[in-house]
**Student:** 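Quick one: this structure, given as structure tokens, is what I'll be asking you about.
Order of the sequence lines sets the chain letters (A, B, ...), proteins ahead of strands, with each chain counted from 1.
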Amino acid sequence: MNDETNDRVAVDVRGVEKHFSDGARSIHVMKQVTLQALKGEILMLVGPSGCGKTTLLSAIAGTLNIESGEIDVMGNPVHKMSDAALTRFRAKTIGFIFQQFHLIPTISVAENVGIPLLIQNAPKKQVIDRARAVLDAVGLGDRWKERPNRLSGGQQQRVAIARALVHEPPLVICDEPTAALDARNGEIVLELFRNVARSPDRAVLIVTHDNRIFSYADRVARMDDGEIVEVREQGHTEPPHFVHEHA
Amino acid sequence: MTALALKMLFGDTAKYMMLVAGLFFASFLIIQQASVFCGLMLWTTSTLKNVAAPIYVVEEQVQQVNETNPLRDTDVARVRSVSAVEWAMPLYSGIQRVRLEDGSFKTVQLIGIDAATLAGAPERMIKGRLEDLRLPNTVIIDELAITRLSLKGAPPIKVGDRFEINDIEARVVGICKAARSFTGGPYIWTTYERALQYTPPSRKMLSAVIAAPVDGVSWEDAAGEISRKTGLKAYVNRSFGSDENDLNTSTVWWYVRNTGIPISFGTTVVIGFIVGVAIACQTFYSFVLDNLRHLGALKAMGMSNLRLSLMLVIQAATVGLVGFGIGLLFTALFAIAAVENQQPPFYMPWQIPVVAFGVIQLICMVAALMGIFRLSRYEPAMVFRT
């Protein structure tokens, strides 16, 4: 790997191992997993349920300890960091989009979006101004005062996207972004996400088993039984189109 | 972060109300019952308030003011003979029966004081003249006696009215303010000699000698000298907790040690505490569980355990403050009603709300700790699986 490629590497996973115990049984969920995500790309981690893709995502995010191997995120060795350092690192470096959105229902949309800035002790006015700007970008600028539970599922996911991007993290990780959405909303959200999240200095890592959205990725890494079995480039010669299962 | 914590708390209206209700109930029980207990204990020392002499000299074995173990009449002279004593006067104190015009009986706390000096007389007269107590068959009654000794449907008893104490006429020449007695009967003042007439005769009838020290000698020193020189027990009459030789202190502790009153009130206070702990801990834990995925998401997004814990502490402390405030407000309403009705006894020294606030916050912190413990065990990776 030359220096130019090294500079572009956002996430570097090397020989990662992880077991989970299920009573007396030990389950080998990651087997010598090696993977790279590059700045400026959308990398999808796909595979059947239970293949270990969410576990790998958690390890990259620094929310799950690994047994062996190494994980560097933006050149920082996540596997060597203390819990406190990891917490600070996540706050600054990673934007999260969860499958169930995890928006706090008792605060406004803008306050939800501003949480990553709040965690970094940004002044309240700056938090709201920045949150409103990002909400504008995802098409919800006029809904900033509302409570999340007054929004549709697709709109809530857009709020979650805004929250993941509000502090301009160099890595965005996204867990099953369309799992809670219907096909039409999934298409809208992914299209929007691709437009607002993609940046030359940012890597986007999406875990999904929804083959309808594979076309939005620059590369697709297929996982099966705890192993990366294939990494495929997607040569986008034309805009990706959403394949409706029941179309 | 405080705003986020409070919005999360207030947003869950049902749990918030439940928490506040539980802590209100606990606060109210703790403060109200403790205050009624203190009020009751205060009533036990009401004779010391109503006969406000600096020194009470009583029989050696007497431990509290309502216990009468009579002295000899000559003991007054023995106390007067002590050099530290400025003056010493006889005092009669006992429960007697008053017969009303309709033939019914009421118990009263009869106080007999020296006719010459009127030492031990009521301090605040509402009607009549204190000096009239020197007239034949006269008494001064307190405000409570107006309601207790008045006949149903008849005008309230007033100056000039008559009743009988043990078949001897008593004419009301004055009405005064007085502290309520522990037994619930009104206070009636008369002269010492007349009090002996009203009371069935016995060999010794002097309840106590009240005294005052000479200028320049402290109450405590004078009481000590009286005890040494006479062999009698001399107490000072300041206030509860001021001194171990204070009769207020001795009286209150006697009731605490020798009656079931503290156990009864203490049980209610403990129940209030347990109810508070049970409701607050259970509800707050449930609140944390309900919000666990949101808290977990915050944890995953980089919020430290310390800040998340502080959020829970802020939430718990806030419900504690609100619950305590409402509890204190309702206790105040209860107190107003108690003061207007002159019962039940109610006395709330500043220590009660301060300690109750501490107890309520302790309950809240226990609840917060349970939530913090649960949250600390929640791996941020779990947020990807829920």
**Student:** Sort A:Arg147 into side chain, backbone, both or neither according to what part of it lies under 4.5 angstrom from a heavy atom of chain B.
**Tutor:**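 Answer is neither: A:Arg147 stays 4.5 Å or more from chain B.
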**Student:** Taking the ring centre of each residue, are B:Tyr255 and B:Phe182 less than 6.0 Å apart?
**Tutor:**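 Judged by ring-centre distance (under 6.0 Å), B:Tyr255 and B:Phe182 do meet the cut-off.
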**Student:** Determine, for A:Arg222 against A:Asp224, whether the closest basic-nitrogen to carboxylate-oxygen distance falls under 4.0 angstrom.
**Tutor:**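 So A:Arg222 does not pair with A:Asp224 through a salt bridge.
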**Student:** Sub-4.5 Å heavy-atom contacts with chain A: which residues of residues 268-291 of chain B show up?
**Tutor:**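 If one takes a 4.5 Å heavy-atom cut-off, no residue of residues 268-291 of chain B lies near chain A.
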**Student:** Rounded at 0.5 Å granularity, tell me how far CG in A:Leu117 sits from CD in A:Glu168.
**Tutor:**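 If we round to the nearest 0.5 Å, A:Leu117:CG and A:Glu168:CD are 9.0 Å apart.
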**Student:** Check the pair A:Gln32, A:Glu227 against side chain to side chain contact (heavy atoms under 4.5 Å, CB included), reporting the backbone distance first and the verdict last.
**Tutor:** CA-CA 7 Å; A:Gln32 287 294 313; A:Glu227 292 176 291; over 6 Å; no
**Student:** If you tally heavy-atom pairs under 4.5 Å against chain A, which of B:Gly296, B:Ala300, B:Ser304, B:Gly11 wins?
**Tutor:**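 Heavy-atom pair counts peak at B:Ala300.
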**Student:** At a 4.5 Å cut-off on heavy atoms, which part of A:Ile94 comes close to chain B: side chain, backbone, both, or neither?
**Tutor:**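 Neither part; nothing is under 4.5 Å.
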**Student:** Check whether any side-chain heavy atom of A:Arg198 sits under 4.5 Å from a side-chain heavy atom of A:Tyr216, and report yes or no.
**Tutor:**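 When only atoms from C-beta onward are counted, A:Tyr216 and A:Arg198 do not touch, as no gap falls below 4.5 Å.
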**Student:** Examine whether an atom of B:Asn305 lies under 4.5 Å from a heavy atom of chain A, and if so say whether it belongs to the side chain, the backbone or both; otherwise answer neither.
**Tutor:**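 No part of it gets close to chain A.
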**Student:** For the CZ atom of A:Arg212 and the OG1 atom of A:Thr178, what is their distance to the nearest 0.5 Å?
**Tutor:**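 Between atom CZ of A:Arg212 and atom OG1 of A:Thr178 there are 5.5 Å.
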**Student:** In sequence, state the C-alpha distance, the side-chain angles, and the governing distance for A:Asp175 and A:Lys53, and then conclude on side chain to side chain contact (heavy atoms under 4.5 Å, CB included).
**Tutor:** CA-CA 9 Å; A:Asp175 183 33; A:Lys53 54 189 188 298; over 6 Å; no
**Student:** At a heavy-atom separation under 4.5 Å, does A:Leu103 approach chain B through its side chain, its backbone, both, or neither?
**Tutor:**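 The backbone, not the side chain.
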**Student:** Using non-hydrogen atoms and a 4.5 Å limit, figure out which bit of B:Leu298 sits close to chain A: side chain, backbone, both or neither.
**Tutor:**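 Answer is both: backbone and side chain atoms of B:Leu298 are under 4.5 Å from chain A.
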**Student:** Please state whether the side chain, the backbone, both or neither of A:Ile173 comes within less than 4.5 Å of a heavy atom of chain B.
**Tutor:**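 Answer is side chain: those atoms of A:Ile173 sit under 4.5 Å from chain B.
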**Student:** Among A:Ile71, A:Leu43, A:Val11, find the one that has a side chain to side chain contact (heavy atoms under 4.5 Å, CB included) with A:Leu35.
**Tutor:**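 One option only clears the test, and that one is A:Leu43.
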**Student:** Using a cut-off of under 4.5 Å on heavy-atom pairs, state which of B:Arg307, B:Lys299, B:Glu379 scores highest against chain A.
**Tutor:**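 Greatest number of close heavy-atom pairs with chain A: B:Arg307.
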**Student:** Give the C-alpha distance, both sets of side-chain angles, the deciding distance and a yes or no for side chain to side chain contact (heavy atoms under 4.5 Å, CB included) between A:Ile66 and A:Glu17.
**Tutor:** CA-CA 6 Å; A:Ile66 56 172; A:Glu17 292 272 333; over 6 Å; no
